[in-house]
Number of protein chains: 2
Amino acid sequence: MTAVTTRHDAIDLALIETLFDRLAAPDAERIGITRDAYGPGEQRAHALFVETAESLDLIIERDAAGNHFAVYPGADRERPAWVIGSHLDSVPQGGNFDGAAGVIAGLSVIATLRRQNLVAPRDIIVAVFRAEESTWFPTSYLGSRAALGRLAPEVLSLTRADTGRTLAEHMRDCGGDPEAVATGANWLGQRALQGMLELHIEQGPTLDNEALAVGIVTGIAGSFRYREARCFGEWGHSGAVAKPYRHDALMAFAELAMALEHTWEKLEQRGERATVTVGQIATPPAQHAFSKIPGEVGFCLDVRSGSPAVLAELEATLHEIVERIGTERGVRFDLGPRSASLPAPMSETLTQRCQQLAVEHRISHCLLPSGAGHDAATFAQAGVPTQMLFVRNQHGSHNPQEAMRLADFVEGVRLLTTLVQA
Amino acid sequence: MTAVTTRHDAIDLALIETLFDRLAAPDAERIGITRDAYGPGEQRAHALFVETAESLDLIIERDAAGNHFAVYPGADRERPAWVIGSHLDSVPQGGNFDGAAGVIAGLSVIATLRRQNLVAPRDIIVAVFRAEESTWFPTSYLGSRAALGRLAPEVLSLTRADTGRTLAEHMRDCGGDPEAVATGANWLGQRALQGMLELHIEQGPTLDNEALAVGIVTGIAGSFRYREARCFGEWGHSGAVAKPYRHDALMAFAELAMALEHTWEKLEQRGERATVTVGQIATPPAQHAFSKIPGEVGFCLDVRSGSPAVLAELEATLHEIVERIGTERGVRFDLGPRSASLPAPMSETLTQRCQQLAVEHRISHCLLPSGAGHDAATFAQAGVPTQMLFVRNQHGSHNPQEAMRLADFVEGVRLLTTLVQA
C-alpha cells in the first residue's frame, strides 16, 4: 500500500455534516447541547456511533465500561494499531463539538480511506470513551482510564451530581459491567498500540486570532489547584480604621493576584508557557457589608503548564508571596486542599511528523500547548505515543456558542488520514 | 458662676453604670444589642431616658419626629444653648455603646453639675435623636435631620427593611406626627444654639493602639461610593486561553484595587487622611466556575476623607485608572450608581478649646478624624458650631463585642462638663 496525498475531494463532507447534525438533533428544542455521561444523552450518541460504524462495515467492540471501538482492519493485523478517539458526553448546556469532533474525525478518516479503496498498513481503531467531562461525576477521563484498565475501583462509588446515583449503577444501566471494570478488565489495553490520536476543537482563541486551521499540540498541561483558598484579615468599619491598623483580606488577595500575574509575565518573557486563573471569588455574604473592611475572602486558584519545572516555580513563588503578604499585612492565607495533575507530553516523533505533513499538505498550522485536559492525557501517561490536534473554533468550549468551521475540520481529517497511512 | 475643675469624684459612676446596664437588659437573652429604630427597642431606650431626665428634674420636650430633649436651665435662659446628644437606636445585633454613650454622657454632665450645685451660664439640652443607623430605614440621621426641620417629606415614605412599613407609620406608632414633620415642624431648630457636642465610641482602633482615652475629632469624613460596580471581561477556559488573549475581569479588578491603594498611600505620605475600602466582591455564581476565566466581577467601593480636595483627587484617579485598565486589558468597568456625602468640619474654636481643656485636666488625647458619619454631621452642615469627642473602644462598633471602659468614658464626661460651663 502506498501513502497517498489526501485530496480535499476525497473527504465525505455529507457524512460529516450528517453526523454532527444528528448528534445535535435531540437538543434542538433546548439551550445548548446536553449529553449526560452514562445517561440517555451519551447513550443516544453511542448508538449513532455504532450505527455509523456498521454502515462503514467496521468490527464493533464494546468493553466492560461501555466504551465503544470500531476497528478498520489493516493490511497486517498483527502490527500495533492506531487509536483515533475522544468522547461523546458534553457538559450541561455545552456545545456540539467538544469531544464529538474527535470521534467524527476518526470515522471520517476511515470513510475517506474506504472511498479510495485504501487499506492502511495496520488496524485503525476509532474509540469512543465514556464520561470524559468532570461535571457529571467528580473526576475526569472515566472512560479512557477504564479502557486502559487504569480505573481505581473506588471511583465506581462516586455519585453523579444530578442523579445522586453511583457510577456503577449508571454503568450497569448503560449495559456495562462495573464488577469487571473493578478488576481492571478491558479490551483496548490488550492491544499493542502504535499511537493514540485525538482531534479536538481548540478551547481558546489562539488559532482563530492567528488565522490558522490546525494546532499541533506539544503537550497537555499539568496543574496545581487550590479550590477552597481563603484569606483571613480583620473585620472593621470602612471609615473608622486608619491605614496602619487595617488587615484587609481583599486588598491582600488583590496583592497576591497581581504578584502571581507578575511572576507569570516574567516566565512568559523567558519563553515559558503557563496559565494562572482565579475563577471564583467572594466575600462571605453573611458577614460582608458595604461599609466593612473585609475580614475574609474566599477564592480558588488554577495554575497550569506543560512544564513541571514551571509549575514548581509558580507554586514555590505562590508560597513565598502568601508568606510575605501575610506578614506585611497581618493577614493569614489558608490555601485549603491542594490537587494537582502531571503534564502529559505528546510524542515528539508524532509532533514532528504532523508538522512535516501539515507543511507538505499546505495545512495552515502552529504548535501550541493544551491547557485543558483530554482523554489523550490518559494514554500519554500510560506510555502510549500520543498526539493531539486542535481545530480552530470560535467562542471557546463548554457553551452553546461553540463554533467550528467544516473547512477547518477537514484540514484536521486530512492530516490524520495521511498520518495513519504509515 | 465660676467654672470649676471637674474632679473625678464628682462624677456619678453608679448612674452611668446603671443606665448602661438597664439599656442592655432587654437584650440579655439574645446575641448583641438590637434597638430597632422607631420600634420597641428604641422606644424602651427613650422611656429610660425620659425617666432619668425626670429624676434629674429636667424639662422634657418631645418633637413631632419623636426626638426627646431634656433641658437643664442655665443662669441666663436667653443665651444660645448647648446641645449634647446622640442616638439610642442600634444596628441589629450591635453593641451597647454606639450612640447610647453620647446620650448617657449628656445626662452625666448634668448629674455632675447637679451634684455640685452648679448652674451653667446657659441652657444645656440633652438630645436623643431617632433612627441614626441606616440599617432600618435606608438613610441616615433621620431624627437629627427632623430635629432641625431638614427632613425631606418624601423620606417619610421609605419603608423599614424588616417590617416593610413606612417611616410615617412607624413614627405615628411611636407617638410622632409625620404630617407635622413633613411641614418642617420642629422644636430644637427654633432655639439659638451655642454648639452641638456629641460623644461617641471610636469605631476604629487608633485610641486603643495609641493608649489614649479621648479623641478630639477634627471633622467627619465625606465620601463617594459605588455600591454596585462591575467589571466585564470575557469568559474563557482557564487552561485554554493564552495570556495575550485573556480579558480577565478579576485580574483587572485586582489591578484597580492595588492602584487605588497606591494612590491612597501617596496621599498619606503627603499627610492627607482617607480610607479606601472594597467591602464586597463576587464573581457571578450562576456563571463562574473553578476552570473559567471570570468574564464578570461585581464589587463596591467606599472612599472617605475629611478633605473635599482629597476626595476629588481620589475620584479623578479612580476614573483615570479604570480608563487605563479598560484599554490595556480589554475589559470594561461599569461603576454603577454613585452616591456621595460632603465632609462635615468641626468648629475650629471648639476643637482648640477641647485641646486646651484636655491638657489642663490631664486627659490623654489626640486629634483624629471621624471616618464614620454621626448625628453631629447634620448640625455641622446646618452651620451649628459642632464638636465630637471619641472615647477609646475595643473591637470596633456595630457588633456585640463593642467594649468601652468606664474610666475612659469618665474622661470624656469630664471634658464635656468643663466645656459647657462657659
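Per chain, numbering begins at 1; letters A, B, ... match sequence-line order. Just so we're clear, the structure is a prediction, and the values are computed from it rather than from any experiment.
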Revision key, fill the gap. Here the pair of heavy atoms bringing Thr206(B) nearest to Ala242(A) is OG1-CB, 4.1 Å
**Study point:** Option in Pro285(A), Ser305(A), Pro205(A) with maximal non-hydrogen atom pairs under 4.5 Å from chain B
**Key:** Pro205(A)
Exercise for review: Measure the spacing between CE of Met251(B) and CH2 of Trp264(A) and express it to the nearest 0.5 Å.
Suggested key: 6.5 Å
Practice item. Please report the shortest heavy-atom distance between Gly204(B) and Val241(A), naming the atom on each side. Key: CA-CG2, 4.0 Å
Study note, to complete from the structure: Interface check, chain B: of Leu368(A), Thr275(A), Val303(A), most non-hydrogen pairs under 4.5 Å belong to Thr275(A)
Exercise for review: To the nearest 0.5 angstrom, please state how far the CG atom of Asp302(A) sits from the NE2 atom of His237(B).
Suggested key: 8.5 Å
Review point. Which heavy atom in Ala257(B) sits nearest to a heavy atom in Ala254(A), and how many Å separate them?
Key: CB-CB, 3.9 Å
**Study point:** Contact class of Ala221(A) relative to chain B, heavy atoms under 4.5 angstrom
**Key:** neither
Practice item. Taking atom CD of Glu228(A) as the centre, report whether more than 12 heavy atoms of other residues, nucleotides or ligands fall under 6.0 Å from it. Key: no
Practice item. Using non-hydrogen atoms and a 4.5 Å limit, figure out which bit of Glu202(A) sits close to chain B: side chain, backbone, both or neither. Key: side chain
Exercise for review: Please report the C-alpha distance between Thr277(B) and Arg246(A) in whole Å, then the side-chain angles of each, then the deciding distance to 0.1 Å, and finally whether the side chain to side chain donor-acceptor pair (under 3.5 Å) criterion is met.
Suggested key: CA-CA 10 Å; Thr277(B) 311; Arg246(A) 290 184 166 227; 3.0 Å; yes
Practice item. Measure the CH2-NE2 distance between Trp235(A) and His398(B) for me, rounded to the nearest 0.5 Å. Key: 15.0 Å
**Study point:** Leading residue by heavy atom contact count with chain A [cutoff under 4.5 Å; candidates Glu261(B), Lys292(B), Glu265(B)]
**Key:** Glu261(B)
Exercise for review: Locate the shortest heavy-atom distance separating Arg304(A) from Ser238(B); write the atom from each residue and the value.
Suggested key: NH2-OG, 3.0 Å
Revision key, fill the gap. Comparing Glu234(B), His395(B), Arg273(B), Arg225(B) against chain A, the one with the most heavy-atom pairs below 4.5 Å turns out to be Arg225(B)
Check your understanding: Which pair of heavy atoms, one from Gln280(A) and one from Phe290(B), lies closest together, and at what distance?
Key -> OE1-N, 3.4 Å
Review point. How long is the gap from CD1 on Ile281(B) to CZ on Phe253(A), to the nearest 0.5 Å?
Key: 7.0 Å
Exercise for review: Grab the two heavy atoms, one from Gly279(B) and one from His288(A), that are nearest each other, plus how far apart they are.
Suggested key: O-CB, 3.6 Å
Check your understanding: Which distance, rounded to the nearest 0.5 Å, do you find between the NZ of Lys243(B) and the CD of Glu268(A)?
Key -> 6.5 Å
Study note, to complete from the structure: One option among Ser291(B), Gly396(B), Cys300(B), Ala274(B) has the most heavy-atom pairs under 4.5 Å with chain A, and it is Cys300(B)
Review point. For Ile293(A), is it the side chain, the backbone, both, or neither that has a heavy atom closer than 4.5 Å to a heavy atom of chain B?
Key: both
Practice item. Go through the atoms of Leu256(A) and report whether side chain, backbone, both or neither lie under 4.5 Å from a heavy atom of chain B. Key: neither
